[in-house]
Amino acid sequence: MAYAHQIIYTSCRRGIESAGDGLQVFSYDGSLPEAGFDVGVGFHRLLPFDVPRWVGESSFGYTPVEGCGAVWATNTKLAHDYMGPGGRAGNVLRHAVAMPLEDLDFYPVGLAYADFWRHSMHFEEVNSEEPPLLLPMVEAEPSSVLEEREIRWSLTGVREMEAAALLARAAVHAASAGRAIAILADAEEALRWVALATYSLPLTLARQVSFVVGCDNLATAGAALCGITQSDFDAYTPGYMRASCLTFDPASCQLEDPAGLLEPLDFEDDPLPREVPGAAFAQLVERGWRELPEELERFRDLCERDLELNLDLVDMDAAVQVYVATRMGLYRAADPAATLAFIEQRGSDELKREIAASALESLPKFDTTMQEAVVRFAMRCWRGFDMTGRRYLQTAISTMMTVEPNKTYAFLDVLARIAGQSEEADEAPSPHEMQQFLHGDPAAGQAAHPFACRQGGKASGKKEHRPLFGGRGGFPFGKGKGKR
């Protein structure tokens, strides 16, 4: 169970830190001052988002705040100050909760319907002349209203599933480019689409996507995803903002970008153009919402567990290709060389070893250049040249002799070149280590099978069989003795 700090800001006779009346911090939990948050003057950094302009209306939002972590807030417009109907007109109630970002192990939208949110204050609370009591910390547990399974069942057809994928792609773009998407709907419907967009992302990236619903002016909303009604958008959002933001209409499932900064994508184009940023990601998300929820879940798990990703469409497409490589083989990636380089730069050691093993097993499916890249990558994964690496390479050559014998000799030339070259980088194996890897170390108890041979032509036309992995010379397969 995760716990979060809370703070309430409203009009009261006396606040936790002041003897004066009026709008001020009413109270907060006792551990907030020692939490180490950079709260700013008057705790303003813990009180994000505008208050709605209409009495009785509330907004809800989430944003990551540097120095404060994950911050949620619900803001309500009240009719009168702390004195009630006999007091001054106009009041606000800001209720916010915050927790360190690294402690956030659920999707932020899950707290939208939590039962601890305050939308009003009791008359006795705000009219007391005594300092308010400290608040308790809140149990930050997502409600069941916006669970992923419920959101999935809320989709009414392929059109909405495709729209969810396009909105997720746009959310990545907006959050990374500092833009806003106006979701033209009431707060409840907007939250459903916020959930669809953020559940499409790995949690570490979803934590970086801010959102607010129930706002009435996009220019001051301060979030990437903004739920706002069409009438408020038209009436209160300035023209320059309407021209520069993206808009999404849930009724028509149409996503528009008047500024033209996000390259358009349409599922009517089959197949989707791979050169469009975010196309591969959108296709995977659409398939995940439409028919293969386990695929979307596995993709997110891979990103969480084994990849370091930025909130960027290029990274999301690259992550999809890594997912393809883990599920179907590196040779099935759109660009195996680029995918291998991305894994080496951003992947975990465990992922690198997994890809190295599967890529070696698929060596016959690559051209010579890619085969060399795979071997060099595998060598860096198994720097100690243990039996695991040798076994995979032996099996790969044996398979190649069976499937593509003509490619085998060219590949063995590649291995010889790698063995004879000097170090290419600090992590690359030395020529001596490469020779040891290729010819084996009998003292290490290396198995002598399967044998792989290299042809060496003689003037007489006879073939000389030379062992590549140690043991006695012999044929690639079978138990017969070869010539020495």
* To do: Start with the C-alpha gap between Phe43 and Tyr28, add the side-chain angles, then the distance that decides, and say whether ring-ring contact (aromatic ring centres under 6.0 Å, His included) holds.
  => CA-CA 10 Å; Phe43 293 85; Tyr28 44 67; 5.2 Å; yes

* To do: Show your reasoning for whether side chain to side chain contact (heavy atoms under 4.5 Å, CB included) applies to Arg290 and Val158.
  => CA-CA 7 Å; Arg290 176 166 49 86; Val158 173; 4.2 Å; yes

* Intermediate values then yes/no, side-chain hydrogen bond (donor to acceptor under 3.5 Å, both in side chains), Thr220 and Asp50 -> CA-CA 7 Å; Thr220 58; Asp50 280 353; 2.4 Å; yes

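Pairing each heavy atom of Cys253 with each of Ala163, the nearest pair is CB-CB, 3.7 Å. Of all non-hydrogen atoms in Gly61 and Phe49, the two that sit nearest each other are C-CE1, 3.3 Å. The shortest heavy-atom contact between Arg169 and Leu313 is O-CD2, 3.6 Å. Shortest non-hydrogen contact noted between Met316 and Val172 is CG-CG1, 4.2 Å. When all heavy atoms of Ile343 and Lys352 are compared, the closest pair comes out as O-CE, 3.5 Å. Summarising the geometry of Leu184 relative to Pro250, their closest heavy-atom pair is O-CD, 3.4 Å, with the distance given to 0.1 Å.
A salt bridge is absent between Glu295 and Arg327; no separation between the charged side-chain nitrogens and carboxylate oxygens falls under 4.0 Å. Salt bridge status for Arg346 with Asp315: present, with a side-chain N to carboxylate O gap under 4.0 Å. The pair Arg14-Asp21 does not count as a salt bridge, with every side-chain nitrogen at least 4.0 angstrom from each carboxylate oxygen. Here Arg300 does not pair with Glu304 in a salt bridge; the nearest charged N to carboxylate O distance is not below 4.0 Å. The pair Glu372-Arg376 meets the salt-bridge criterion, with a side-chain N (NZ, NE, NH1 or NH2) lying under 4.0 Å from an Asp/Glu carboxylate O. Classification of Glu160 and Arg192 as a salt-bridged pair holds, one side-chain N sitting under 4.0 Å from a carboxylate O. With respect to the salt-bridge test (charged N to carboxylate O, under 4.0 angstrom), the residues Arg242 and Asp234 do not qualify.
Using a 4.5 Å cut-off on side-chain heavy atoms (C-beta onward), Leu330 and Phe366 make contact. Put simply, the side chain of Lys365 does not reach to within 4.5 Å of the side chain of Gln371, judged on heavy atoms. At a threshold of 4.5 Å between non-hydrogen side-chain atoms, the residues Pro136 and Gln6 count as touching. A 4.5 Å side-chain heavy-atom check between Leu302 and Pro202 finds every atom pair outside the cut-off. Looking only at side-chain heavy atoms (C-beta outward), Glu354 and Thr326 come within less than 4.5 Å of each other. With contacts defined as side-chain heavy-atom distances shorter than 4.5 Å, the pair His80/Arg88 does not qualify. Residues Leu196 and Leu155 meet the side-chain proximity criterion, which asks for heavy atoms closer than 4.5 Å. Proximity of Glu294 to Phe299: side-chain heavy atoms (C-beta onward) are nowhere separated by under 4.5 Å.
Donor-acceptor pairing under 3.5 Å is recorded for the side chains of Arg274 and Gln283. Checking Ser11 against Asp81 by side-chain atom types alone, no donor-acceptor pair falls below 3.5 Å. In this model, no donor atom of one side chain and acceptor atom of the other lie less than 3.5 Å apart for Trp72 and Thr63.
A donor-acceptor contact shorter than 3.5 Å links the side chain of Arg207 to the backbone of Leu101. Using modelled atom types, one side-chain atom of Asn127 and one backbone atom of Tyr82 make a donor-acceptor pair closer than 3.5 Å. Under the 3.5 Å distance criterion, the side-chain polar atoms of Gln208 are matched with a main-chain donor or acceptor of Thr204. A donor-acceptor pair under 3.5 Å is formed between the side chain of Ser358 and the backbone N or O of Ile355.
Between Trp117 and His95, the angle of the ring planes goes over 60°, which puts this pair in the perpendicular group of the 30/60° scheme. A tilted orientation is assigned to the rings of Phe60 and Phe211, their planes being inclined by 30° to 60°.
Within 6.0 Å of CG in Leu133 there are 12 or fewer heavy atoms belonging to other residues, nucleotides or ligands. For Glu150, the CD atom is densely surrounded, since the number of other residues' heavy atoms within 6.0 Å is greater than 12. For Glu129, the CD atom sits in a loose shell: 12 or fewer heavy atoms of surrounding residues, nucleotides or ligands are nearer than 6.0 Å. Enclosure of atom CD in Glu66 is not indicated, since only 12 or fewer non-hydrogen atoms of other residues, nucleotides or ligands lie within 6.0 angstrom. Within 6.0 Å of CD in Glu102 there are more than 12 heavy atoms belonging to other residues, nucleotides or ligands.
Each of Leu32, Ile16, Asp29 was evaluated against Leu134; a single residue qualifies, Ile16, per the side chain to side chain contact (heavy atoms under 4.5 Å, CB included) test.
Residue pairs meeting the ring pair (Phe, Tyr, Trp, His ring centres under 6.0 Å) criterion with at least one partner in residues 139-198, sequence neighbours excluded, are Trp193-Phe248. Among residue pairs with one or both ends in residues 316-354, none qualify as ring pair (Phe, Tyr, Trp, His ring centres under 6.0 Å); sequence neighbours excluded.
Between the SG atom of Cys68 and the CE atom of Met99 there is a distance of 14.0 Å, given to the nearest 0.5 Å.
The cationic atom of Arg53 (NZ for Lys, CZ for Arg) lies less than 6.0 Å from the six-membered ring centre of Tyr236 and within 45° of the ring axis.
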